*Asks:* 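Handing you a structure now.
A quick note: this is a predicted structure, and the numbers were derived from the prediction, not measured.
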Amino acid sequence: KRNGGGRRSAGRLSEPLIALVTTFRESRSAVLVDVSATGAKLRGRDLPAVSEELIIAIDGTSAFGTVAWEAGDERGVAFDVPLQAEEEARLRDKVARARGMAAEFRHAFEDWTQGLAR
């Protein structure tokens with residue numbers, strides 16, 4: 001910066017997508033690692049245990065669910081009611097950007113896994 005410019009040579013990666021996890025007793029923040037219409041994978045400290053019911057709030061979307069599994073600081077949450085297709089697609093795009101994956105690559109990969117591309 002002292003010699004002028006002040007611009008980064010490489011762009012910053014997107015920040016992680018944060019979820020607010022609320023149980024009957026407390027609220028915690030967690031990172032949304034993955035999401036589908038029927039559930040989410042979260043990473044964070046002191047998250048609820050298996051079988052605990054909770055509400056997840058992510059970027060304007062809220063879902064009721066139950067912790068289905070745990071492994072270290074990760075939890076799998078099964079939603080009580082599946083997300084709407086538009087909500088799921090929006091959150092998947094945000095998770096992909098947070099990982100640094102271009103949306104075009106992610107869409108191509110999803111087409112390939114569904115047998116739509118060769």
*Asks:* Does R28 use its side chain to pair, donor to acceptor, with the backbone of G44 at less than 3.5 Å?
*Replies:*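 No; judged by distance alone, with no hydrogens or angles, the pair does not exist.
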
*Asks:* Is I56 reachable from V33 through a run of I, L, V, M, F, W or Y residues, each pair having side-chain heavy atoms under 4.5 Å apart?
*Replies:*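 No, V33 and I56 fall in different hydrophobic clusters.
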
*Asks:* Which value, rounded to the nearest 0.5 Å, describes the distance between I18 atom CD1 and L42 atom CG?
*Replies:*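 The CG atom of L42 is 10.5 Å from CD1 of I18, to the nearest 0.5 Å.
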
*Asks:* What pair of heavy atoms forms the shortest contact from A40 to F79, and how long is it?
*Replies:*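 Looking at all heavy atoms of both residues, the shortest contact is CB-CZ, 3.8 Å.
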
*Asks:* With sequence neighbours left out, write down each residue that passes side chain to side chain donor-acceptor pair (under 3.5 Å) with S36, or none if nothing qualifies.
*Replies:*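 Side chain to side chain donor-acceptor pair (under 3.5 Å) list for S36, sorted by chain: T38.
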
*Asks:* Could you tell me which non-hydrogen atom of A30 sits nearest to which non-hydrogen atom of V21, and how far apart they are?
*Replies:*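 Scanning both residues, the minimum pair turns out to be CB-CG2, 4.1 Å.
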
*Asks:* Tabulate below the donor-acceptor pairs under 3.5 Å that side-chain atoms of residues 47-55 make, not counting sequence neighbours, or state none.
*Replies:*
residue, atom, partner, partner atom, Å
E52, OE1, R25, NH2, 2.8
E52, OE2, R25, NH2, 3.4
E52, OE2, A49, N, 3.0

*Asks:* With a cutoff of under 4.5 Å between side-chain heavy atoms, which Ile, Leu, Val, Met, Phe, Trp and Tyr residues group with F24?
*Replies:*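 Grouped by the 4.5 Å side-chain rule, F24 forms a cluster of one, so the answer is none.
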
*Asks:* Sort and list the pairs that fulfil side-chain hydrogen bond (donor to acceptor under 3.5 Å, both in side chains) and have at least one residue in residues 63-73, not counting sequence neighbours.
*Replies:*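 Matches after skipping sequence neighbours: none remain.
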
*Asks:* List in chain and number order the residues that pass side chain to side chain contact (heavy atoms under 4.5 Å, CB included) with E86, two or more places apart in sequence or in another chain; answer none if no residue qualifies.
*Replies:*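 If we apply the side chain to side chain contact (heavy atoms under 4.5 Å, CB included) test to E86, skipping adjacent residues, the hits are Q84.
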
*Asks:* Just distance, no hydrogens or angles: give the donor-acceptor pairs under 3.5 Å from side chains in residues 57-64, sequence neighbours left out.
*Replies:*
residue, atom, partner, partner atom, Å
D59, OD2, R90, NH1, 2.7
D59, OD2, K94, NZ, 2.9
T61, OG1, R90, NH2, 2.4

